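These numbers were taken from a predicted model, which means no experiment stands behind them.
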Amino acid sequence: MKHMKKIALVVVGTAMAVFTVLAMAEASAPMGWYLEGNLGASKISNVSFAPNTSIQSSGLGWNLNGGYKFIPYFATEIGYTSYANGTINFNGTKVGTDQVYAYDLAGKAIVPIQDVGAEVFAKLGVARAKSHVTATNASLLAASGETLNTGRYNSTNLYFGVGGDYAFMPNLSANIQWNRVDGNTSTGNLDLFSLGLTYLFG
């Protein structure tokens, strides 16, 4: 009987501690509309333009997000990301360029870290990727009997990411995050690893 009482006390005590932590998070984490800007390294991969072609796509990308934080643990947001232009090479020689951007709509699961002012988060949603491929040296491809798949391409794909942020002011925080649009062979997989600032209107 005493053993059962001890177990019950431990269970109740643990539950109270958990609810206390959650209540503290509820009180300390502001909610409302927010605006976020990010800048970092972007990359396009898993894309095909013509046989024997490759893409050099690493460079500077940027992202803007607007969202609403409903509770300390969940938000939704809409975003726009511009990726660094890709250089399309045929046997090592530039033959074209690839311009890519994407819109996304995502849910954001958030875990506040108590008494630190930090959070970790994960995003999951859908993105619309848009690619514009242009030829800069079509004659080289023609001489080899190849044709570059130029034009505009669109795809609707899975969007996901992870990151963390730190609030150094009540309504202003810095973040680090990685996000991916899981595209197809026309638009490619689109990655952005970035640093940014978030302003919470509250």
Legend entry - Flag for Asp191-Asn179: side-chain donor and acceptor within less than 3.5 Å: no
Legend entry - side chain to side chain contact (heavy atoms under 4.5 Å, CB included) between Val120 and Ile113, intermediate numbers included: CA-CA 8 Å; Val120 293; Ile113 301 174; 4.3 Å; yes
Inset, instruction - Taking side chain to side chain donor-acceptor pair (under 3.5 Å) as the test, write out the residues that go with Thr134, two or more places apart. - result: Thr97
Legend entry - Ser57 side chain to Ile44 backbone, donor-acceptor under 3.5 Å: yes
Legend entry - Donor-acceptor pair, side chain of Ser155 and main chain of Gly183, under 3.5 angstrom: no
Inset, instruction - Determine the interplanar angle of the Tyr80 and Tyr101 rings, folded into 0 to 90°, and report it as parallel if under 30°, tilted if 30 to 60°, perpendicular if over 60°. - result: tilted
Legend entry - Heavy-atom donor-acceptor pair, Ser173 side chain to Ala167 backbone, under 3.5 Å: no
Inset, instruction - Report whether Trp33 and Tyr73 are members of the same hydrophobic cluster (ILVMFWY, side-chain heavy atoms less than 4.5 Å apart, transitive linking). - result: yes
Inset, instruction - Test Val133 against Ile88 for side chain to side chain contact (heavy atoms under 4.5 Å, CB included), laying out the working first. - result: CA-CA 9 Å; Val133 178; Ile88 303 168; 3.7 Å; yes
Legend entry - Residues that Tyr34 engages under side chain to side chain donor-acceptor pair (under 3.5 Å), provided they are two or more places apart: Glu77
Legend entry - Phe160 reachable from Phe193 in the ILVMFWY side-chain graph, under 4.5 Å edges: yes
Inset, instruction - Check the side chains of Glu36 and Thr198 for a donor-acceptor pair under 3.5 angstrom, ignoring hydrogens and angles. - result: yes
